[in-house]
Engineer: 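Have a look at the structure that comes next, please.
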Amino acid sequence: MARNLGEESSDDTEFIKSSCETATYPELCFQSLSSYASEIKKRPLQLAETALAVSMARAKSAKTYISDMTDYKGITKRQHEAVLDCVEEMGDTVDRLSKSLKELKNLEEGESKEDFWFCLSNVRTWTSAALTDETTCLDGFGGKGMDGELKSLVRAHIVRVAQDTSNALALINVYASKH
C-alpha cells in the first residue's frame, strides 16, 4: 500500500511539473507548487487555484514589505511617493487576485457553457490586470534618479510577484484549454 501512495504522490508531482512547462517561469512554477501536490492531485482547476493563492500570498507579503519602505533611511520625496503608489498598486493586485481566486473556486462543471466562459473570462481579465498593477508599481521607480538600494529591494519583491502571477495565468489558460 505504501508503494501505491508513493506512486500517486510521484504522479501528482509529475502532473505539476508537466503543467508548469507551459508557464513563463517553469522552474519557479514547479518550485512554488510542488509542495501542494497531495492537495492538487492531477486536477487542473485545483492547480490553477493553488497558483493564484500562492501569487496572492506573495503579493500580500510584498505589499507589507513595501509598506515598511516608507520609513527607509534617506528616502527622497519622489521615492516616498513611488513607494506609496506601489503599495496602492499591490493592494489592487491583492484585490484582483482575490476576486480571481473566488471566481475560479465558484466555477462548476455543471454551469452552462456561457456562464463558465464568462467566469473564466473574468478570472483571466483580473489576473492580467494584476500583472499590469505590478508593472505600474515598477514604473514608478523609473529613471536614474530612482536607482539604488530601495529600488532594488522593491524590484526584487515585485518581480517575484509578477512571475508567480504570470505562471498562475498560464495555468488558468491550461485549465481553460481542457474545456
Engineer: Using the disulfide (SG to SG under 2.5 Å) rule, collect all pairs that involve residues 149-178, keeping only residues at least two apart or in two chains.
Structural biologist: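 Sorted pair list comes back empty.
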Engineer: So do the side chains of Ser32 and Glu27 get within less than 4.5 Å of each other, counting heavy atoms only?
Structural biologist: no
Engineer: Answer whether the closest heavy-atom distance between the side chains of Asp133 and Met90 falls below 4.5 Å.
Structural biologist: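 A side-chain contact under 4.5 Å is absent here.
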Engineer: Using the side chain to side chain contact (heavy atoms under 4.5 Å, CB included) rule, pick out the option among Asp139, Thr132, Leu138 that qualifies with Thr135.
Structural biologist: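 Only one of Asp139, Thr132, Leu138 forms a side chain to side chain contact (heavy atoms under 4.5 Å, CB included) with Thr135, namely Asp139.
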Engineer: Given side chains that start at C-beta, do those of Thr127 and Leu131 come closer than 4.5 Å, heavy atoms only?
Structural biologist: no
Engineer: Would a distance-only check, ignoring hydrogens and angles, find a side-chain to backbone donor-acceptor pair under 3.5 Å from Arg43 to Ile40?
Structural biologist: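 Yes; judged by distance alone, with no hydrogens or angles, the pair exists.
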Engineer: Checking Asp147 now: which residues fulfil side chain to side chain donor-acceptor pair (under 3.5 Å) with it, not counting sequence neighbours?
Structural biologist: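 Lys151.
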Engineer: Check step by step if side-chain contact (heavy atoms from CB on, under 4.5 Å) holds for Thr136 and Asp85.
Structural biologist: CA-CA 9 Å; Thr136 301; Asp85 288 346; over 6 Å; no
Engineer: If a pair satisfies disulfide (SG to SG under 2.5 Å) and one of its residues is in residues 15-65, list it, with sequence neighbours excluded.
Structural biologist: Cys20-Cys29
Engineer: From the options Asn106, Val123, Leu52, select the one residue that forms a side chain to side chain contact (heavy atoms under 4.5 Å, CB included) with Leu101.
Structural biologist: Leu52
Engineer: When you compare the side chain of Asn122 with that of Trp126, does any pair of heavy atoms fall below 4.5 Å?
Structural biologist: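 In contact.
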Engineer: Applying the side chain to side chain contact (heavy atoms under 4.5 Å, CB included) criterion to Leu33, which one of Asp164, Thr50, Thr13, Leu28 satisfies it?
Structural biologist: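 Among the candidates, only Thr50 passes.
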Engineer: Checking the side chain of Ser121 only, and the main-chain atoms of Trp117 only, is there a donor and an acceptor separated by less than 3.5 Å?
Structural biologist: no
Engineer: Hey, could you give me each pair passing side chain to side chain donor-acceptor pair (under 3.5 Å) that has a residue in residues 61-74? Not counting sequence neighbours.
Structural biologist: Tyr72-Glu149
Engineer: Is any side-chain heavy atom of Val161 less than 4.5 Å from a side-chain heavy atom of Thr165?
Structural biologist: yes
Engineer: Do the non-hydrogen side-chain atoms of Phe141 and Val154 ever get within less than 4.5 Å of each other?
Structural biologist: yes
Engineer: Who passes side chain to side chain donor-acceptor pair (under 3.5 Å) against Ser98, sequence neighbours left out?
Structural biologist: none
Engineer: Taking all non-hydrogen atoms of both residues, which atom of Met56 and which atom of Val94 are closest, and how far apart?
Structural biologist: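 Taking Met56 first and Val94 second, the nearest heavy atoms are SD-O, 4.0 Å.
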Engineer: CG of Leu47 to CD1 of Ile172: how many Å apart, nearest 0.5 Å?
Structural biologist: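 Output value for this atom pair is 10.0 Å.
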Engineer: Looking at residues at least two apart in the chain, or sitting in another chain, which of them share a side chain to side chain donor-acceptor pair (under 3.5 Å) with Thr93?
Structural biologist: none
Engineer: Less than 4.5 Å apart, any side-chain heavy atom of Gln79 and any of Met146?
Structural biologist: yes
Engineer: Evaluate the side-chain contact (heavy atoms from CB on, under 4.5 Å) criterion for residues Gln163 and Thr24: first the C-alpha distance (whole Å), next the side-chain angles of each, then the deciding distance (0.1 Å), finally the verdict.
Structural biologist: CA-CA 8 Å; Gln163 290 170 334; Thr24 312; over 6 Å; no
Engineer: Specify the closest pair of heavy atoms between Ile66 and Cys86, including all atoms of both residues, with the distance to one decimal.
Structural biologist: CD1-SG, 3.8 Å
